[in-house]
Each structure stands twice: as C-alpha cells, then as structure tokens.
There are 4 protein chains.
Amino acid sequence: MKSEIKTADQPKPSFIEIARRAQIIECAIDAIAELGFAQASLAQIAKRAGISTGVILYYFAGKDELIRAVSDHVYATGEGFVRRKAEQQETARQALLDTFIGATVDFIGAYPNYSHALMNIARSGRREPGERLIDPALNAAREAGLASILRWGKESGEFRPFSTPVMVASIIDSIDAILPQLVRDPNLDLKAYARELVELFDRATRADSPG
Amino acid sequence: MKSEIKTADQPKPSFIEIARRAQIIECAIDAIAELGFAQASLAQIAKRAGISTGVILYYFAGKDELIRAVSDHVYATGEGFVRRKAEQQETARQALLDTFIGATVDFIGAYPNYSHALMNIARSGRREPGERLIDPALNAAREAGLASILRWGKESGEFRPFSTPVMVASIIDSIDAILPQLVRDPNLDLKAYARELVELFDRATRADSPG
Amino acid sequence: MKSEIKTADQPKPSFIEIARRAQIIECAIDAIAELGFAQASLAQIAKRAGISTGVILYYFAGKDELIRAVSDHVYATGEGFVRRKAEQQETARQALLDTFIGATVDFIGAYPNYSHALMNIARSGRREPGERLIDPALNAAREAGLASILRWGKESGEFRPFSTPVMVASIIDSIDAILPQLVRDPNLDLKAYARELVELFDRATRADSPG
Amino acid sequence: MKSEIKTADQPKPSFIEIARRAQIIECAIDAIAELGFAQASLAQIAKRAGISTGVILYYFAGKDELIRAVSDHVYATGEGFVRRKAEQQETARQALLDTFIGATVDFIGAYPNYSHALMNIARSGRREPGERLIDPALNAAREAGLASILRWGKESGEFRPFSTPVMVASIIDSIDAILPQLVRDPNLDLKAYARELVELFDRATRADSPG
DNA sequence: TATGAATGAGTATTCATTCAT
DNA sequence: CATGAATGAATACTCATTCAT
C-alpha cells in the first residue's frame with residue numbers, strides 16, 4: 001500500500017511516517033558504517049532502531065529501496081553541506097580547493113558515518129551486472145559538479161590543460177581515500193589532511209606561470 | 001586429505017590438482033571482480049568453473065583458504081609484473097612515474113580482473129578485528145614500496161616536502177579509480193590515462209625549481 | 001530478536017512463544033529418543049513438529065541452545081518427579097530402594113522418551129574436550145544425590161562397606177538398561193522390573209546381619 | 001564385485017585382502033573409540049590407515065558393512081578372550097564371577113579401544129526404526145551365554161530365584177559402565193573395580209544360606 | 001588394486017520477505 | 001501502525017559414495 005512506485009496521487013506522508021523513515025535511515029547509516037554493507041542486515045538495523053524488522057519493510061518496499069533512500073539522503077546531505085560554501089566562490093581555483101576539497105573533507109569530519117556508509121555501499125558490488133545499488137545519477141551529479149569547476153578553470157586560464165575525467169576521478173578518490181585511514185585512526189588530523197590535498201591538487205591543476 | 005597444513009612431506013601435487021586450483025582461483029577472481037566480494041559465493045564461483053561447490057572444497061580447505069590463495073596469486077602476479085620494470089630505475093622520479101604509476105596501470109590493462117578483484121577484497125569489511133581476510137602484509141608491502149620511493153625523492157631533492165601517507169593514499173587510490181571506469185568503458189585508453197596520471201603526480205610531487 | 005542473552009528486561013514471553021518452544025522441545029526429545037543424538041537433525045525435529053527448520057532457529061539461538069533447553073527440561077522433569085517421593089524418606093535404605101530406584105523406574109514408565117533422550121544425549125560423544133553438550137552439573141547432581149544416599153547408609157550401618165563410585169555407576173546403568181528393553185517391548189512390566197532391581201541392590205548393599 | 005553378499009562361490013580371499021580388511025577394521029576401531037561414532041568418518045579412518053577412502057569402499061560395500069565387520073571382529077575377539085577362561089569352570093558361581101565379570105573386565109583392560117568402540121557403535125542410534133547397526137544376534141549371543149550361566153546356578157541351587165533378563169541386563173550394563181569412567185581416568189584400577197563388581201553380584205545372586 | 005576426482009544429499013545457520021493479527 | 005510468526009532461498013561446509021584411470 002504504502003511504499004509502491006511514487007505517484008502524484010500519494011496522500012501526503014504523515015508526520016509519523018516521515019519521522020520513522022528518517023529514524024530508520026539514520027540507523028541504517030550507522031549499521032552500514034560500523035558493520036559494513038554485507039553485515040548490515042535488516043535485523044541489525046532494526047535492533048539499533050529498537051523496532052522489529054517488519055517496520056522497516058512497512059516503510060520501505062524492500063532492502064534495496066532502503067539502501068536507495070540511504071544513499072539519497074547521504075548525497076543530499078553532502079551536497080547541501082558543500083553547496084553552502086560553494087555559492088559565493090569567485091574563482092575556479094577557490095571553488096576547487098576551498099569548496100570541493102575543503103568542504104568535502106569537512107563533511108567527512110562532520111558526518112564520518114555518512115561518508116563511511118556511502119563508501120561501503122558503493123564498494124559492495126552489484127548483484128546483476130548493470131543493476132546498481134546506488135542511483136548512478138547521484139554520483140554522476142557529484143562528478144558533474146566537479147567537472148564543471150575544472151572546465152571553468154581551464155577556460156579562465158587558471159588551470160593547465162588536462163583530461164577532465166581523469167582529474168575528476170583522481171580528486172574524488174583521493175578524498176575518499178581518507179575514510180579507511182579515518183577508521184584506522186579516528187584522531188586523524190583532517191585539517192592537515194585537507195591542506196595536503198589542497199596543495200597537491202593546486203600544483204596538479206594550476207597553469208604554468210607564463211614568465 | 002588434500003588441503004591440510006602444508007608440510008614438507010606433502011607429495012608433489014598432481015598435474016590435475018595444479019590445473020584445478022588454478023582454474024578455481026581464476027574463476028574466483030572473475031567472480032569477485034564482477035560481483036564484488038560479498039556476492040562471490042562458492043556457488044557463484046563453482047558455476048563459472050562449471051563444477052560443483054564440493055570440488056572447490058576438495059581443493060581448498062575452506063572459503064578463507066581460497067580467498068587467501070586468490071590474494072596471494074594476485075599480489076604475486078602484480079608484483080612480478082611491476083618489479084621487472086622497477087629494477088633498473090635510477091631516480092626516484094623515474095621510479096614513481098615510470099614504474100609505480102606506469103607499470104601499475106599497465107598491469108591493470110593486462111589483468112583488469114585481477115586488479116578489480118584485489119580492490120574488492122581489500123575494501124571488503126573484515127569480520128572480526130584482528131582476523132583479516134588477506135594477509136595485511138601484502139597490502140602494506142605495496143604501500144611501503146611506494147612510500148620508500150617518495151622518501152627517496154624527498155631526500156634526493158627531486159620531490160618537494162609533503163606528507164608521505166597522504167601522497168601514498170592519493171596515488172594508489174587515483175590509480176585504483178581507473179577500475180570502475182574500465183568496467184563502464186572497456187575501451188578506455190589506458191596509455192593516455194597513465195600519461196595524465198604521470199603528469200598530475202609529477203607536478204604534485206616535484207620540487208620547486210630553484211630559479 | 002528472540003533468543004538473545006537472557007536479561008531481566010526481556011519482555012514476558014508470549015503465549016505462542018511458550019507453546020512453540022515447548023512443542024519444539026517435545027519433538028526434539030522424541031527425535032533424539034528414537035533416532036539417537038547424532039541423527040536428530042534440525043530437519044528431523046522440524047519434520048516431527050510439522051514446521052520448517054527456520055522456526056526452530058527463530059525460537060532457539062542455535063542447535064546447542066535447543067539441546068541445552070531439552071536437557072534442562074528433561075532433568076527438571078525427572079528431578080521433580082523423583083523429589084516428590086524423596087522428601088520424607090527416613091532411612092537410607094528407603095531412600096535408595098523406594099525413591100532412587102523405584103521413582104526413577106516410575107519416571108521411565110511415565111516418560112520413556114524423556115529418559116531415552118537424556119541417555120542418548122549424555123552418552124553421545126562430546127565435540128571438543130571442555131565444551132560439553134549438556135551442563136555436566138546436571139548429571140553430576142544426579143550422581144551426587146545417589147552417592148550421598150549411599151554414604152548416609154554406610155555411616156548409619158544400614159549398608160556394608162563398598163566403593164561408592166562403583167555402586168553409583170552400577171545402579172544408574174542398571175536402571176538405564178531398562179530403556180533399550182522398553183524399546184524392544186513396550187509392554188515390559190516395569191513394576192516387576194523395579195521389584196527385581198530393588199531386591200538386587202538391597203542384597204548388594206545391605207550390611208551383613210550381625211548374628 | 002568383491003564385497004557383495006557372501007556366497008560359497010566367492011574365490012578364496014587373497015592374503016592382501018585379508019590384511020587390508022584387518023588393517024582397516026583396526027583403524028576404524030581406533031577412530032570410533034577416540035572420536036565417537038558420529039565423528040568417525042571414512043576420511044578419518046582412511047587417514048589413520050594411511051590410505052584413501054576409496055580403498056575402504058573397495059573392501060567393504062559401504063560404511064554400514066564396515067561397521068558390521070568391526071562389531072563382528074570385536075565380539076569375536078571378546079568372546080575368544082572370555083571363552084578361554086570359561087571352559088573349565090565347575091560352578092555357576094565361578095563362571096559368573098570369575099569368568100563373565102572377571103574376564104570381561106580383563107578384556108576391557110586389555111582392549112580398551114575395542115570395548116569403547118563397541119559401546120560407541122551400540123549407543124549411536126539407528127537410522128530407521130528396526131534397522132540396527134550391529135547384528136542383534138551378536139549381542140544376543142553374549143546375553144544368552146550369561147543367561148545360561150544364571151539358569152545353571154539357579155538350577156544347581158547356587159543362586160537365589162530372580163528374573164534372568166533383569167539380572168543379565170544389570171550385570172552387562174554395570175560392566176559397560178566402566179568404559180566412560182575409564183575415559184575420564186585412564187589410570188582407573190580395573191582389578192579393584194572387578195573385585196567390587198564380583199562382590200556386588202555375588203551378594204545379588206547367591207542363594208540365602210539355609211541355616 | 002588403489003587413487004584421486006567429483007558428486008549430491010545433508011548439516012546448521014542467516015536473512016529478506018510475507019502475512020495474520 | 002506495528003509486531004511476531006513463519007517461510008524459503010541462500011550460505012559454507014561434511015561426507016558417503018561412484019567412477020575413470
């Protein structure tokens with residue numbers, strides 16, 4: 001009844017429904033972050049929420065829909081976090097270094113479980129080739145945002161010529177490389193790490209000085 | 001009978017045993033590369049090999065031993081592949097750019113499933129803390145090799161000062177970032193990709209010109 | 001959800017849970033009594049109960065917990081059965097002959113499967129030394145009870161001197177010897193059998209008349 | 001071909017066949033005695049014999065036939081052991097106490113693994129009700145021998161009147177009760193144990209003195 | 001004769017999912 | 001709305017047995 005394909009004629013979701021979904025998503029994030037995707041069974045998630053597994057399946061059509069909701073939520077949170085800083089940047093260099101790298105690392109520090117859960121989901125492999133767990137559009141949007149910054153900088157002459165897709169992948173995965181290190185050492189100095197990455201990609205991208 | 005603790009008095013393994021083990025390892029690599037570690041069940045691996053799951057357990061004491069054999073084989077193959085080039089490097093810069101980045105990308109091109117499987121194993125969460133799936137020394141060795149190249153370059157003045165762990169993680173994960181792209185587009189131009197990475201990390205690491 | 005570590009804050013078990021657990025325990029007893037411990041698989045037990053094996057594991061954390069529940073239940077039933085008679089005995093001779101032998105044989109007649117299952121569990125080899133299948137204290141308690149009766153009789157002069165452990169083992173196993181005979185002939189006259197055992201062990205234990 | 005139903009036209013078993021069967025039976029006895037019946041797989045038995053499981057099934061039609069051969073061998077050995085002493089007994093009392101009890105306990109001391117294996121087999125439960133693992137005739141023969149001694153004594157006036165089957169079962173199981181104790185304490189004093197049993201069953205069986 | 005290879009049925013256990021209440 | 005009950009498929013693994021060599 002509830003969790004079918006969303007159509008416009010769906011009645012407004014009740015307050016309790018919104019709250020329950022949010023609670024379940026939050027517990028799913030924690031479970032996935034701490035146990036890994038494979039071990040994060042519905043039973044585990046339900047236990048953390050203090051409810052029975054039936055409740056989860058009442059609000060989500062299945063585990064896949066829950067996972068999709070989790071990744072939607074995490075991406076939305078992350079984007080909102082980064083966008084706030086991104087709005088008023090005036091140069092591509094600032095947008096790349098301060099916003100994309102800086103704010104993304106800040107996000108990791110602020111929401112380590114979110115980032116970790118997302119990584120665990122993304123890395124957990126797909127059942128049938130082609131059918132992904134995470135909406136590819138979400139990741140694509142993140143990459144597209146970074147790509148547009150890079151193109152902006154190349155057009156403005158701030159950046160040297162390079163392959164945008166290669167640079168996009170390198171930047172994103174270099175940032176994501178923080179997560180396993182953060183698991184090993186929760187006291188990792190993220191500020192310092194961000195400075196290192198900024199320096200690294202500043203040098204990697206900037207145009208050769210003309211002189 | 002077969003897969004007990006290896007002792008020196010073990011009779012020479014028969015030809016068919018060697019062949020079967022190799023075949024099973026190969027199919028396990030494919031399964032892990034394509035399905036992810038968690039989904040690569042013995043049944044899946046057996047299906048790819050066209051055998052029953054019992055055969056796998058006839059040649060390997062258990063799934064854990066199979067996984068260990070897989071990672072041993074993959075690491076050994078990868079190291080052998082890279083070492084050939086690495087031997088005669090004379091500068092840290094060459095060692096980093098030509099050998100580590102260049103040869104590793106070559107390896108990905110030559111054995112994409114090996115690389116992919118390895119990444120999936122390494123990234124799959126571990127069960128109980130302390131009991132790792134793959135020998136941690138294997139991965140540590142790879143990182144240590146890269147770290148020593150970086151330190152060498154810093155001492156020789158070829159490289160600028162930077163945080164070695166950050167650079168190690170960024171380089172390795174930037175290379176590994178190739179794999180999902182290769183899945184999406186099997187015709188990806190790896191030569192060009194390698195050149196881009198070389199340029200990227202050359203700029204990211206080299207010392208400022210004194211003038 | 002259900003069968004976790006029992007803590008005081010566990011909600012009252014529902015009626016259906018109590019009934020199911022009892023039913024499963026009963027079927028397990030039957031299966032163990034009739035097939036022997038090794039052959040009494042969860043599948044067999046489930047078949048007798050007309051349920052799927054999953055149900056068993058829904059109510060019991062695993063086979064071990066089920067077996068423990070079975071032996072607890074059987075020992076508790078047996079002890080309750082025997083204790084009623086034991087309370088008011090005034091001589092060691094009465095305690096041995098009327099209560100221990102008499103009531104135990106009565107118990108076998110009243111609950112033949114219980115006794116049989118218990119014997120099968122107790123006699124089934126244990127996996128790893130140290131980790132026993134049933135609480136050794138349960139069996140030890142039974143033996144200790146008999147041993148204390150025997151010592152009481154020796155001190156009071158009712159019994160002749162003899163090795164207590166030998167007599168304990170002989171009495172218990174002579175009683176347990178009834179069970180296979182009862183399987184062969186369900187109409188076995190237990191009253192008469194008990195009288196024979198009483199006579200046997202009365203003569204075997206009593207002190208020589210002083211005259 | 002080999003191990004079908006024995007008929008008279010079977011060619012004389014070769015020396016090697018006899019030797020192999022004996023070797024396998026011996027290893028099976030050890031395995032069953034030490035590991036218990038359920039854990040004594042063909043693989044375990046083969047390992048002890050230093051052969052492959054196929055060999056066992058070449059000489060025995062299946063595990064059931066092997067087990068039957070084992071129990072045949074054990075019973076034959078035991079009977080031979082006891083018969084030597086039994087031949088020249090002149091009173092029923094001597095036959096019971098010296099031969100049956102005394103020699104049987106001696107047998108346990110001399111061949112603890114034989115006795116233990118036999119007990120493990122006998123106690124291991126049957127697959128389908130009715131189909132036994134051990135040829136019931138073997139056990140029946142042992143019981144019949146004891147029964148005839150008891151009847152002899154009753155007729156000669158040495159023994160009091162009692163139920164022969166009850167006494168048979170009590171004597172046999174009281175002797176078998178030694179085995180688990182011997183497992184727990186391999187240094188158990190069997191001589192002393194035999195003396196206790198002799199005293200016990202002497203008193204339990206002897207006729208009341210007429211005076 | 002004997003081995004090694006392979007199978008298929010059976011083991012306990014986990015887990016997403018359904019459904020009556 | 002929510003639970004508890006139940007299922008069925010999937011998991012790794014064991015073992016007696018068959019068969020080609």
Side-chain angles (χ1 to χ4, degrees), chain A residues 1-2 14 16-17 20 38-46 50-67, chain B residues 1-2 11 13-17 19-20 38-46 49-66, chain C residues 1-2 11 13-17 19-20 38-46 49-66, chain D residues 1-2 14 16-17 20 38-46 49-66:
Chain A
M1 291 315 79
K2 185 99 319 124
S14 70
I16 193 166
E17 171 165 0
R20 268 282 192 234
Q39 266 67 39
S41 64
L42 290 188
Q44 274 293 334
I45 296 168
I51 57 181
S52 82
T53 74
V55 184
I56 298 177
L57 293 156
Y58 180 76
Y59 288 104
F60 299 91
K63 198 186 187 187
D64 284 8
E65 200 202 281
L66 169 59
I67 299 304
Chain B
M1 237 87 311
K2 187 96 321 119
S14 70
F15 169 73
I16 193 164
E17 172 167 359
R20 267 279 190 244
Q39 267 65 41
S41 64
L42 290 188
Q44 275 292 335
I45 295 167
I51 57 182
S52 82
T53 72
V55 182
I56 298 177
L57 294 159
Y58 179 73
Y59 289 103
F60 298 90
K63 198 187 186 187
D64 285 8
E65 199 200 282
L66 171 57
Chain C
M1 236 87 309
K2 186 96 324 116
S14 70
F15 169 72
I16 193 164
E17 172 167 0
R20 267 280 191 241
Q39 267 65 40
S41 63
L42 291 188
Q44 274 292 335
I45 296 167
I51 56 181
S52 82
T53 75
V55 183
I56 298 177
L57 294 157
Y58 179 73
Y59 288 102
F60 298 91
K63 197 186 186 188
D64 285 9
E65 199 200 282
L66 171 58
Chain D
M1 297 308 85
K2 187 101 313 133
S14 71
I16 194 165
E17 172 166 2
R20 270 281 194 236
Q39 267 66 43
S41 64
L42 290 189
Q44 273 294 331
I45 295 167
I51 57 181
S52 83
T53 74
V55 184
I56 298 178
L57 292 157
Y58 180 76
Y59 288 104
F60 299 91
K63 198 185 187 188
D64 285 9
E65 201 202 282
L66 170 59

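So that the names make sense, note that chain A is the first sequence line, chain B the second, and so on, each numbered from 1.
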- prompt: Got a second to check how far C:Ile56's CD1 is from C:Glu65's CD, nearest 0.5 Å?
  reply: 12.5 Å
task: Using the test side-chain contact (heavy atoms from CB on, under 4.5 Å), find all partners of C:Ser41 that sit at least two apart in sequence or belong to another chain.
output: C:Ala43, C:Gln44
message: Just the rounded figure in Å: distance from P of E:dT1 to CZ of D:Phe60.
response: 14 Å
Short side-chain N/O contact to F:dA2 OP1/OP2 from A:Arg20, under 4.0 Å: yes
- prompt: Could you state the CZ-C1' distance from C:Phe15 to F:dA5, rounded to the nearest angstrom?
  reply: 14 Å
- prompt: Roughly, in whole Å, what's the span from CD1 in D:Ile51 to P in E:dT3?
  reply: 7 Å
- prompt: If you measure from CG on C:Leu66 to OH on C:Tyr59, what distance do you get to the nearest 0.5 Å?
  reply: 13.5 Å
query: To the nearest 0.5 Å, what is the distance between OH (C:Tyr58) and CD1 (C:Ile51)?
result: 12.5 Å
query: In terms of the nearest nucleotide of DNA chain E, which residue is placed more toward the 5' end: D:Ile16 or C:Gln44?
result: D:Ile16
- request: Report the nucleotide, chosen from E:dG4, F:dA6, E:dT7, that has the shortest atom-to-atom distance to any side-chain atom of B:Val55.
  value: E:dT7
statement: Rounded to whole Å, the CD1-P distance (C:Ile56 to F:dT7) equals 11 Å
message: Five pairs per end, C1' atoms only: what is the angle between the end axes of the helix from E:dA2-F:dT21 to E:dT21-F:dA2, to 10 degrees?
response: 30°
query: Hey, is the side chain of D:Tyr58 poking within less than 4.0 Å of OP1 or OP2 on E:dT1, counting only N and O atoms?
result: no
- prompt: Closest heavy-atom contact between C:Lys63 and C:Leu57?
  reply: N-CD2, 4.5 Å
N/O-N/O pairs, protein side and nucleotides 15-17 of chain F side, under 3.5 Å:
| residue | atom | partner | partner atom | Å |
| --- | --- | --- | --- | --- |
| F:dA16 | OP1 | D:Lys63 | NZ | 3.0 |
| F:dA16 | OP2 | D:Leu42 | N | 2.8 |
| F:dT17 | OP2 | D:Lys63 | N | 2.7 |

field: Set of side-chain contact (heavy atoms from CB on, under 4.5 Å) partners for D:Ala38, sequence neighbours left out
entry: C:Ala38
